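Values below: all heavy atoms of this structure, side chains included; hydrogens, waters and symmetry mates excluded. Model, not experiment: these values are computed from the prediction.
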Amino acid sequence: MFDYRSLISGRRRDPIALVARVGLRIASWPYGWIVALRNSRYDRGRYPTSRSTAIVISVGNITTGGTGKTPLVATIARHLRKRNLRVGLVSRGYRSDSSGSNDEARELYDLLPDVPHIQNPDRVAACQVMVDELDMQVIVADDGFQHRRLERNLDIVVIDATCPFGYGYLLPRGLLRESLGGLRRAHAIVISRISKLPEADRPQLRQLIQRWAPQATLSEADHVPARLLRHDGASQALETLRGQSILAFAGVGNPQPFFDSLVELGAQLIDTRSLEDHCGYDKTKVNGLLEWIQANASQQPQRIVCTHKDLVKLRTANLAGIPLVALQVELAFQSHEASFWEAIDRVTAELEPD
């Protein structure tokens, strides 16, 4: 299976990889010019923007995939619901299926069954529906940092401590969606998976972020394993993983922290399988998983573990007769939590609770 990250990170050192990186670097130049031109035109007011009558809070990132936005989106929505504010979610709906929803929508529905969610590439139109038809007071725009046509009251950027700047290059040579100068638009930055970064390296990361975004509040958080989840919604204690021989797979942007968490929980990993982000589990993909499981059958796996994002698409209790569960994680702030919530409450202070 082709490993794109091993190529762009430089782990692959063979001649083909070296030539491929040169080609990807050249391809990143026109991408960067287009993104820079677009941002410049928005900055100068050359492109029109639209403001919703609701308060709009954007949660996004500066790299593609895998930074851990979904747990933060859920945490923000719960905070606003506890204040009895009417909150809804809007997102693009990347790789939606015939039902009109994707893995993130299903995952957020499991986490927030009382919070409406509209997926539409035109997020301005989605916000209009939220206001006109659902009477929402606050809209959380998932993955909205680069969607500049929609004005927002608060821009939050999530940076993954394990790969903060996409290997230092724009797409497709690296994972950066835009240059680090884009961070100047952020009002708040959350460094996710902070415990995965050695403490000695953390000051340098903070300093670099603050250099590009001196105006933003800076908080740190972890993705903390919360429970094991079955397809029917039943949960199991994390302790049941300890000592078990398991297979693990993930169709997310950055799967390694997920695999690492399983080891930290005491599971004995027989083998892992990394799939593309937003993986669609069609017949071919499922058959590939079954073949992989069969190839490891002699190791007698007791359980198969995937991410919540994968489970909501598979919706099955077993694969090849082996129990399947998801590791569900929650976001836990490790530093400067108060300043983060102050930023949220500041932009929503004038709203009247139900």
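The structure places CE of M136 at 12.0 Å from SG of C127, a figure rounded to the nearest 0.5 Å. In this structure, L154 CG and I156 CD1 are separated by 4.5 Å, a value rounded to the nearest 0.5 Å. One distance of note links CD of Q244 with CG of L262; it measures 11.5 Å at 0.5 Å rounding. Note that the CG atom of L37 and the CH2 atom of W33 stand 12.0 Å from one another [nearest 0.5 Å]. Here CD1 of I191 is found 8.0 Å from CG of L197. Values are rounded to the nearest 0.5 Å. Taking OG of S28 as the reference point, atom CD1 of I8 lies at 11.0 Å (rounded to 0.5 Å).
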R315 and D110: CA distance, side-chain angles, deciding distance, salt bridge (charged side-chain N to carboxylate O under 4.0 Å, His left out) verdict: CA-CA 12 Å; R315 289 294 182 187; D110 280 355; 3.2 Å; yes

side-chain contact (heavy atoms from CB on, under 4.5 Å) between Y109 and V312: does it pass, once the steps are laid out? CA-CA 10 Å; Y109 178 78; V312 295; over 6 Å; no

Residues E276, K285; criterion salt bridge (charged side-chain N to carboxylate O under 4.0 Å, His left out); working and verdict: CA-CA 11 Å; E276 68 270 18; K285 192 68 68 176; 3.2 Å; yes

With side-chain hydrogen bond (donor to acceptor under 3.5 Å, both in side chains) as the test, would you mind laying out the steps for D222 and S192 before giving the verdict? CA-CA 5 Å; D222 261 328; S192 65; over 6 Å; no

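For A186 against V157, the heavy-atom pair with the smallest separation is CB-CG2, 3.8 Å. In plain terms, the two heavy atoms of T307 and A250 that are nearest each other are CG2-CB, 3.7 Å. Scanning both residues, I62 and S179, for their nearest heavy atoms gives CD1-O, 3.4 Å. What you find for D135 and R86 is that their closest heavy atoms are O-NE, 2.6 Å. Closest of all the heavy-atom pairs between I270 and S245 is CD1-CB, 3.8 Å. In plain terms, the two heavy atoms of G60 and F145 that are nearest each other are CA-CB, 4.0 Å.
Side-chain atoms of T64 never come within 3.5 Å of backbone atoms of L175 as a donor-acceptor pair (strictly under, hydrogens ignored). Checking side-chain atoms of R21 against main-chain N and O of L7 turns up a donor-acceptor pair under 3.5 Å. Between the side chain of D277 and the backbone N or O of G253 there is at least one donor-acceptor pair closer than 3.5 Å. In this structure a side-chain-to-backbone donor-acceptor pair under 3.5 Å is present from N153 to V56. A donor-acceptor distance shorter than 3.5 angstrom exists from the side chain of R152 to the backbone of G144, with no hydrogens or angles considered. Counting only distance, with no hydrogens or angles, the side chain of N296 and the backbone of Q299 share no donor-acceptor pair below 3.5 Å. Formation of a donor-acceptor pair under 3.5 Å by the R273 side chain with backbone atoms of G251 is not found in this model. No side-chain donor-acceptor contact under 3.5 Å links R78 to the backbone of K82. Between the E239 side chain and the L265 main chain, no donor and acceptor come within less than 3.5 Å of each other. When atom types are taken as modelled, the side chain of R149 and the backbone of S50 share no donor-acceptor pair closer than 3.5 angstrom.
Salt-bridge formation is detected for the pair K196/E264: a Lys NZ or Arg NE/NH1/NH2 atom is positioned less than 4.0 Å from an Asp or Glu carboxylate oxygen.
Other residues, nucleotides and ligands place more than 12 heavy atoms under 6.0 Å from the NE2 atom of H147. For F333, the CZ atom counts as densely surrounded, since its 6.0 Å shell holds more than 12 non-hydrogen atoms of other residues, nucleotides or ligands. Atom CZ of R11 sits in a crowded spot, with more than 12 heavy atoms from other residues, nucleotides or ligands closer than 6.0 Å.
Using modelled atom types and a 3.5 Å distance limit, the side chains of S274 and R5 yield no donor-acceptor pair. In this model, no donor atom of one side chain and acceptor atom of the other lie less than 3.5 Å apart for S40 and D43. Side-chain contact of D160 with T67: a donor-acceptor pair under 3.5 Å is absent, judged by distance alone. Side-chain contact check for S91 and Q119: at least one donor-acceptor pair (N or O, by modelled atom type) lies under 3.5 Å. There is no side-chain donor-acceptor pair under 3.5 Å between D142 and H117.
For N287, there are no side-chain hydrogen bond (donor to acceptor under 3.5 Å, both in side chains) partners, not counting sequence neighbours. When the side-chain contact (heavy atoms from CB on, under 4.5 Å) test is applied to V325, the partners found at least two apart in sequence or on another chain are L228, R230, Q236, R303, V305. Residues satisfying the ring-ring contact (aromatic ring centres under 6.0 Å, His included) criterion with F249, sequence neighbours excluded, are absent altogether. V286 meets the side-chain contact (heavy atoms from CB on, under 4.5 Å) test with Y281, L290, L314; sequence neighbours excluded. In this structure, the side-chain contact (heavy atoms from CB on, under 4.5 Å) partners of T53, at least two apart in sequence or on a different chain, are V131. Residues satisfying the salt bridge (charged side-chain N to carboxylate O under 4.0 Å, His left out) test with R177, not counting sequence neighbours, are D143. Under the rule for a side-chain hydrogen bond (donor to acceptor under 3.5 Å, both in side chains), the partners of N39 that lie at least two apart in sequence or sit in another chain are R148, E178. Judged as a salt bridge (charged side-chain N to carboxylate O under 4.0 Å, His left out), and not counting sequence neighbours, R242 has no contacts. H231 meets the ring-ring contact (aromatic ring centres under 6.0 Å, His included) test with no other residue; sequence neighbours excluded.
Each side-chain hydrogen bond (donor to acceptor under 3.5 Å, both in side chains) pair with one or both residues in residues 199-218, not counting sequence neighbours, appears once here: R206-E220. Note on residues 322-334: pairs passing side-chain hydrogen bond (donor to acceptor under 3.5 Å, both in side chains), not counting sequence neighbours, are R227-Q328, R227-E330, H308-Q328.
If you chain together ILVMFWY residues whose side-chain heavy atoms come under 4.5 Å of each other, Y47 ends up grouped with Y42.
Cluster membership check: V59 does not share its hydrophobic cluster with I189, using side-chain heavy-atom separations under 4.5 Å among Ile, Leu, Val, Met, Phe, Trp and Tyr.
Of the options R185, R123, R51, a salt bridge (charged side-chain N to carboxylate O under 4.0 Å, His left out) to E151 is made by R51 and by none of the others.
With contacts defined as side-chain heavy-atom distances shorter than 4.5 Å, the pair F165/I209 qualifies. You'll find the side chain of T348 reaches within 4.5 Å of the side chain of L351, heavy atoms only. In this structure, the side chains of V73 and V140 come closer than 4.5 Å at one or more pairs of heavy atoms.
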